[in-house]
Q: 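Take a look at the following structure, please.
Quick caveat: nothing in here was measured; it's all calculated off a predicted structure. Computed from heavy atoms alone, side chains included, the values below leave out hydrogens, waters and symmetry copies. For the single chain, residues carry numbers from 1 onward in sequence order.
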Amino acid sequence: MATTATALTAFTAPPATPAQPTHSAPPAQAAQATQAAHPAHAAQLRISTAYELPGDRVYPEGIAADPHSGRLYAGSYANGAVYRMTPGHRAAETFLPAGADGRHTANGLKVDRAGRLWVTDSTKGVFVYDTRSRRLLARFDTPGDDPFFINDLVLTPDGTAYVTDSVRNVVYRVTPAQLARAQAEGGRGRLATRFDLSGVLSPRPDDAPYALNGIAAGPGGRYLLTVDMTSGGLYRLDPVTGTVSRVQLHGADLRNGDGLETVGNRLWAVHNKDNALSRWRLSHDGTEARQEARASDHRLQVPTTLVRERGTLFVVRSQFDKGGPMGPGTPRTPFTIAAVRGL
């Protein structure tokens, strides 16, 4: 296994450093302090429970929306199970059981236009399933023997998948042609690096080995955006030229940034251990981003990612700090997906 057990339990919350302050106040006071620090951008969140996930050790991490059916999928960081949620039904069903096809985790999830569910496993690579038959169509393994941590992914309109590696700090690419070739050759392939950010990211402490996390696409897939959760930087990736540049942020940074979601020139981000969400306005070319609003609320329960559907943000409540990878304790069950409005 290319990653150690220690690495698997630390990626979302690197140890606190002077560059990554942690809240010492109770959650409600921390939320007020965060909003007070951003008086021009404060937002009041309306939070409710949209879906309940079966199981008492789920620790969900990823979420995806099916563009055709409107169903949502969530994945378990703890055991690799994938759950399916249907609008109008509060209880989710198990779509893929824990450990299916040898997967240990289910981090990033996306559903493409052809009805295929893409699932990242931090310890292995990327798995692609048919949402109708639940059959595994293809698997892409991480190349090389160096430590890695496969984290999040995004699909562009041409059907290409881009996948972040939080340890190597590269972004892999799987094209439709590569997917077709893997299916024709026994369902196995290998991830190929498209962007290497290891020499571009800001220096980070030795005790914060993880950087790249969420990834999203700009309008039409003209560019990609990925976040350095340790330094709070946002990076623009050009799929055509392969160039990488830092996005100029106005108003704040994206420290502790996890999942990203874009609609047009708007960007939403979750800040996991801050229990916060932020909304940004992107410039036309994606080279600048200005924070429009931010809110922190302990009811987000350490959010890891989100998806926007029908004007609502569906946010994963990981509870990683309740007996998960961020600390000891007992989680509140059932684990849930929140519906968030007001941002």
Q: About how many Å separate CH2 of W118 and CG of L137, when rounded to the nearest 0.5 Å?
A: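 Between atom CG of L137 and atom CH2 of W118 there are 9.5 Å.
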Q: Quick check against the 3.5 Å criterion: does N169 have a side-chain atom that pairs as donor or acceptor with the backbone of L212?
A: yes
Q: Within the side chain of S278, is there an N or O that forms a donor-acceptor pair under 3.5 Å with the backbone of R294?
A: no
Q: Would you tell me whether N151 and N213 have side-chain atoms, one donor and one acceptor, within less than 3.5 Å of each other?
A: yes
Q: Does some side-chain heavy atom of Y83 sit less than 4.5 Å from a side-chain heavy atom of V58?
A: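 They are in contact (side-chain heavy atoms under 4.5 Å apart), so the answer is yes.
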Q: Report yes or no: does T226 contribute a side-chain atom to a donor-acceptor pair with the main-chain N or O of G214 at less than 3.5 Å?
A: yes
Q: How far apart are the C-alpha atoms of Y235 and L201, what are their side-chain angles, what is the distance that settles it, and do they pass the side chain to side chain contact (heavy atoms under 4.5 Å, CB included) test?
A: CA-CA 9 Å; Y235 292 84; L201 302 179; 3.5 Å; yes
Q: Counting distance only, does the side-chain N/O of S318 pair as donor-acceptor with the main-chain N or O of V302 below 3.5 Å?
A: yes
Q: Donor-acceptor pair, distance only, cut-off 3.5 Å: does the side chain of S76 make one with the backbone of A81?
A: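 No, because the side chain of S76 does not come within donor-acceptor range (under 3.5 Å) of the backbone of A81.
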Q: Got a salt bridge between K110 and D112, using NZ or NE/NH1/NH2 to carboxylate O under 4.0 Å?
A: no
Q: Flag yes if V128 and F95 sit in one hydrophobic cluster, no otherwise; membership is Ile, Leu, Val, Met, Phe, Trp, Tyr, and two members link when side-chain heavy atoms are under 4.5 Å apart.
A: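 Hydrophobic grouping puts V128 apart from F95.
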Q: Within the distance-only criterion (no hydrogens, no angle test), does the side chain of T142 pair as donor or acceptor with the backbone N or O of K124 below 3.5 angstrom?
A: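 Yes, the answer is positive, given that a donor and an acceptor are paired below the 3.5 Å cut-off.
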Q: Determine whether L136 and V119 fall in the same hydrophobic cluster, where Ile, Leu, Val, Met, Phe, Trp and Tyr are linked whenever their side-chain heavy atoms lie under 4.5 Å apart.
A: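 Looking at the clustering, V119 is in the same group as L136.
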Q: Which heavy atom of E61 sits nearest to which heavy atom of A106, and what is that distance?
A: CB-O, 4.1 Å
Q: Strictly by modelled atom types, are T105 and S122 linked by a side-chain donor-acceptor pair under 3.5 Å?
A: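 A donor-acceptor contact under 3.5 Å links the two side chains.
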Q: Could you measure the distance from the CG atom of D121 to the CZ atom of F149? Nearest 0.5 Å is fine.
A: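 Here the rounded value is 9.0 Å.
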Q: So, do L224 and F195 sit near enough that their side-chain heavy atoms are less than 4.5 Å apart?
A: yes
Q: Let's go through T49 and R317 carefully: what are the C-alpha distance in whole Å and the side-chain angles of both, what is the deciding distance for side-chain hydrogen bond (donor to acceptor under 3.5 Å, both in side chains) to 0.1 Å, and is it a yes or a no?
A: CA-CA 10 Å; T49 295; R317 291 161 152 169; 3.0 Å; yes
Q: With a 3.5 Å distance limit and no angle check, can you tell me whether D101 reaches the backbone of R103 through a side-chain donor-acceptor pair?
A: no
Q: Using the side-chain contact (heavy atoms from CB on, under 4.5 Å) definition, which of the options L96, I63, V307, L117 pairs with Y73?
A: L117
Q: Is a donor from one side chain sitting under 3.5 angstrom from an acceptor on the other, for S202 and R246?
A: yes
Q: Which atoms form the tightest heavy-atom contact between Y162 and R194, and what is the distance?
A: CE2-CG, 4.2 Å
Q: So, taking the atom named CE in M85 and the one named CG in D66, what distance separates them when rounded to the nearest 0.5 Å?
A: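 Interatomic distance, M85 CE to D66 CG, rounded to 0.5 Å: 11.5 Å.
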Q: So, do V316 and V270 sit near enough that their side-chain heavy atoms are less than 4.5 Å apart?
A: no
Q: Are L155 and V111 connected in the hydrophobic side-chain network, where two residues link if heavy atoms are under 4.5 Å apart?
A: no
Q: Report whether L191 and F148 are members of the same hydrophobic cluster (ILVMFWY, side-chain heavy atoms less than 4.5 Å apart, transitive linking).
A: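 Looking at the clustering, F148 is in the same group as L191.
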Q: If you draw a 6.0 Å radius around CZ in R332, do more than 12 non-hydrogen atoms from other residues or ligands fall strictly inside?
A: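 It does not: R332 CZ has 12 such atoms or fewer within range.
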Q: Should L267 and L234 be marked as a side chain to side chain contact (heavy atoms under 4.5 Å, CB included) after you check the CA-CA gap, both sets of side-chain angles, and the distance that decides it?
A: CA-CA 11 Å; L267 167 72; L234 186 67; 4.0 Å; yes
Q: Can you name the nearest heavy-atom pair linking D158 to P176, along with the distance?
A: O-CG, 3.3 Å
Q: For G257 and M229, which heavy atoms make the closest approach, and how far apart are they?
A: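 Looks like O-CB, 3.1 Å.
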Q: Under 3.5 Å, side chain of S296 to main-chain N/O of D274, donor-acceptor pair present?
A: yes
Q: Give me the atom names and distance for the closest heavy-atom approach of R139 to D141.
A: NE-OD1, 2.6 Å
Q: Quick one: do L260 and L277 end up in the same hydrophobic cluster if we chain Ile, Leu, Val, Met, Phe, Trp and Tyr together by side-chain heavy atoms under 4.5 Å apart?
A: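 L260 and L277: separate clusters.
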Q: Closest heavy-atom contact between R173 and P239?
A: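 What the structure gives for the nearest pair is NH1-O, 4.4 Å.
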Q: Could you check whether any side-chain heavy atom of R168 comes within less than 4.5 Å of a side-chain heavy atom of D146, counting everything from C-beta outward?
A: yes
Q: For the pair Q248 and T287, evaluate side chain to side chain contact (heavy atoms under 4.5 Å, CB included) and give the outcome as yes or no after the intermediate values.
A: CA-CA 6 Å; Q248 185 175 356; T287 59; over 6 Å; no
Q: Kindly write out the residues that satisfy ring-ring contact (aromatic ring centres under 6.0 Å, His included) with Y51, not counting sequence neighbours, or none if the list is empty.
A: none
Q: Nearest 0.5 angstrom please: R236 CZ to R222 CZ, how far?
A: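 Rounded to the nearest 0.5 Å, the CZ-CZ separation comes out at 8.0 Å.
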Q: Quick one: are D152 and T120 in side-chain contact, heavy atoms under 4.5 Å?
A: no
Q: Measure the CZ-CG distance between R84 and L72 for me, rounded to the nearest 0.5 Å.
A: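 Here the interatomic distance stands at 11.5 Å.
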Q: Is it true that R299 and D297 have a side-chain N and a carboxylate O under 4.0 angstrom from each other?
A: yes
Q: Find out whether P303 and D258 are in side-chain contact, i.e. whether some heavy atom of one side chain is under 4.5 Å from a heavy atom of the other.
A: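 No, their side chains stay 4.5 Å or more apart.
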Q: What do you reckon, is CZ of R266 surrounded by more than 12 foreign heavy atoms closer than 6.0 Å?
A: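 Yes.
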Q: Can you measure from CG (L282) to CD (E292) and round to the nearest 0.5 angstrom?
A: 9.0 Å
Q: Any side-chain to backbone donor/acceptor pair from H68 onto R113? Under 3.5 Å, distance only.
A: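 It does hold such a pair.
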Q: Ignoring hydrogens and angles, tell me if any N or O in the side chain of W268 forms a donor-acceptor pair with the backbone of L343 under 3.5 Å.
A: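 The answer is yes, because a donor-acceptor pair under 3.5 Å joins these two groups.
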Q: Can you tell if the side chain of F140 reaches within under 4.5 Å of the side chain of L179, non-hydrogen atoms only?
A: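 When only atoms from C-beta onward are counted, L179 and F140 do touch, with a gap below 4.5 Å.
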Q: Let's go through V171 and L237 carefully: what are the C-alpha distance in whole Å and the side-chain angles of both, what is the deciding distance for side chain to side chain contact (heavy atoms under 4.5 Å, CB included) to 0.1 Å, and is it a yes or a no?
A: CA-CA 9 Å; V171 175; L237 316 178; 3.9 Å; yes
Q: So do P60 and L53 actually touch side chain to side chain, heavy atoms under 4.5 Å?
A: yes
Q: Go through the side-chain N and O atoms of D165 and Y172 and say whether any donor and acceptor fall under 3.5 Å apart.
A: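 Yes.
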Q: May I ask you to decide if the ring planes of F320 and Y59 are parallel, tilted or perpendicular, using 30° and 60° as cut-offs?
A: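 Rings of F320 and Y59: tilted, as their planes differ by 30° to 60°.
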